[in-house]
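Input: a single structure, listed below in structure tokens.
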Amino acid sequence: MEIDRDDGRTPNQLRPLACSRNILHRAHGSASWSQGDTKVLAAVYGPKAGTKKNENPEKACIEVIWKPKTGQIGKLEKEYEMILKRTLQSISILTINRNTTTSVIIQVVHDDGSLLTCAINAACAALVDAGIPMKHLAVAICCCLTEGGYVILDPTKLEEQKMKGFAYLVFPNSIHSVLPEGSLLVEGEAVEHGIITSVTHGLMSVEEYLNCLERGRAASAKLSDFLRKSIKLQLPTDSFKS
Amino acid sequence: MEDKPSTSPMSFVDQIVVPGDVVIDLSTMTNQTIKLGGGLRQESDAISVMKAGKLRFSKPNKYWVESSQKRYLPCVEDTVLGIVVDSKAENFLVDIKGPALAFLPVLAFEGGTRRNIPKFEGGTLLYVRVVKANPGMNPELSCTDASGKAAEFGALKDGYMFECSTGLSRMLLSSPTCPVLEALGNKLSFEIAVGLNGRVWVNATSPSTVIIVANAIMNSETLSGVQQKIMVEKLLQKIQT
């Protein structure tokens, strides 16, 4: 049943995560996020006054600029920008700073698979760092479907190339709440079981997609714990009072 | 890892919260009148967080999320340092590091009339008070206190201005006086103006004092009280030798 992966991971195992925030001096918020060898740097500037053309001035606007490691951006990067923009728009509260633009710049440092999910996680951490009002956080995970129909998580570049299909899934983070258990259900399911973004490529049957969803959701709990922990670590503690 | 939070509304106070966390349940509270500060929002009976930071509670009923940023969200009665960008017939346009430029009406000065309108060129640094901060509108500033007196507000001449995070400027303004300012003030004489928007202005008779004070403040952000004092002492020893 189990399949071997080149780097000796189990199918559900993620690569080591690392996140650091507030690393750029001039940006209003910044974060780097790495999963194994894939590393992405995200910087947030703003909110700045005014929205771009064709944007709703009644709401805050988020613009995403993707900077690839080398060369110029092509169709794929444009698509990534779009996905990121939609995802970030859905987790931010856009009605607080109306008629403003927040720029998110994504710099790819190294691409070793699961690039988009890494970028989404980095962008989310950078928005937290910049203090942009958000409904909740988001954690992204990449699920791959092998030829044999197995699902593996967080694939490397090599694994990605051998795949039949893959799904990028973005989930809300698990939240802490004072409300009694079960009162935050949306149509009978917990909030963190919702999907913010789902992008699929390649061939995949419905059962296989649902399998991906289930595995991804299980892994997203780990990711969201990691995100919460790294936010806690890096918040300046006002220790001088103690 | 943290265990399951209990249902008491006090359980999140002084804890670090992240966006999405529900910190107060109004339906379980006896006194439902509470005041919400920055970083919190209400969704029917649940109060949820929209910024990462430390949840603070002040008696009797104020809650807010304390965090440190490089941008500033205007808030009524905050004192800020603004830079004049442009002057119009009715208003000066002032940059206060917020999402939109702030308006400073030309009459918002002590004894301000149409006859004596102050002249500020672009780039002038002003110590001002925020009087209006409504969403969807440019914030409005004033160079007088609530009773119409000039009270220290106005243009800051000479000196040196540097930018810091909002958390650091809040620390500098906290009472009792923060250790770094206290330690510096014991040995050196200088003037300082701190804006809640993360701008600090320092002036002294000699440029070297200005530089020492500015560097000490910028270095103190991540230090504890004792560390701040040690850092200042070392700095002062270096210049005396």
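Quick caveat, the model's predicted, so the values are computed rather than measured. Hydrogens, waters and symmetry mates are skipped; everything else that's a heavy atom, side chains included, is used. To find a chain, count down the sequence lines: A is the first, B the second, and so on, and within it residues start at 1.
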Distance, nearest 0.5 Å, that separates NZ of B/K51 from CD1 of A/I93: 10.0 Å

Residue A/L127 versus chain B: region with a heavy atom under 4.5 Å: neither

Nearest heavy atoms of B/A100 and A/A49, plus distance in Å: CA-CB, 4.1 Å

Any donor-acceptor pair under 3.5 Å from A/R228 side chain to B/V18 backbone: no

Contact class of A/D129 relative to chain B, heavy atoms under 4.5 angstrom: backbone

Sole residue of B/V17, B/V22, B/D21 in side chain to side chain contact (heavy atoms under 4.5 Å, CB included) with A/H176: B/D21

Heavy-atom neighbours of A/E214 CD exceed 12 at 6.0 Å: no

Minimum side-chain heavy-atom gap B/M50-A/I96 below 4.5 Å: yes

Pairs of heavy atoms under 4.5 Å with chain A: top-ranked of B/R170, B/R41, B/E43: B/R41

Close side-chain approach of B/K70 to A/R26, heavy-atom, < 4.5 Å: no

Residue A/N97 versus chain B: region with a heavy atom under 4.5 Å: side chain

Neighbour count above 12 (heavy atom, 6.0 Å) for A/E58 CD: no

Nearest atoms (heavy-atom pairs only) where B/P99 meets A/T100: CB-CG2, 3.8 Å

Which portion of A/L137 sits near chain B, non-hydrogen atoms under 4.5 angstrom: both

Euclidean distance, A/N22 CG relative to B/S165 OG, rounded to 0.5 Å: 8.0 Å

B/I47 side chain reached by A/V178 side chain, heavy atoms, under 4.5 Å: no

Crowding at NZ, A/K135 (>12 non-hydrogen neighbours, <6.0 Å): yes

Heavy-atom neighbours of A/K48 NZ exceed 12 at 6.0 Å: yes

Side chain, backbone, both or neither of B/V180 within contact of chain A (heavy atoms, under 4.5 Å): neither

A/A27, part contacting chain B, at a heavy-atom distance under 4.5 Å: backbone

Closest non-hydrogen atom pair between A/M134 and B/P19, with its separation: O-CB, 3.8 Å

Heavy-atom neighbours of B/K97 NZ exceed 12 at 6.0 Å: yes

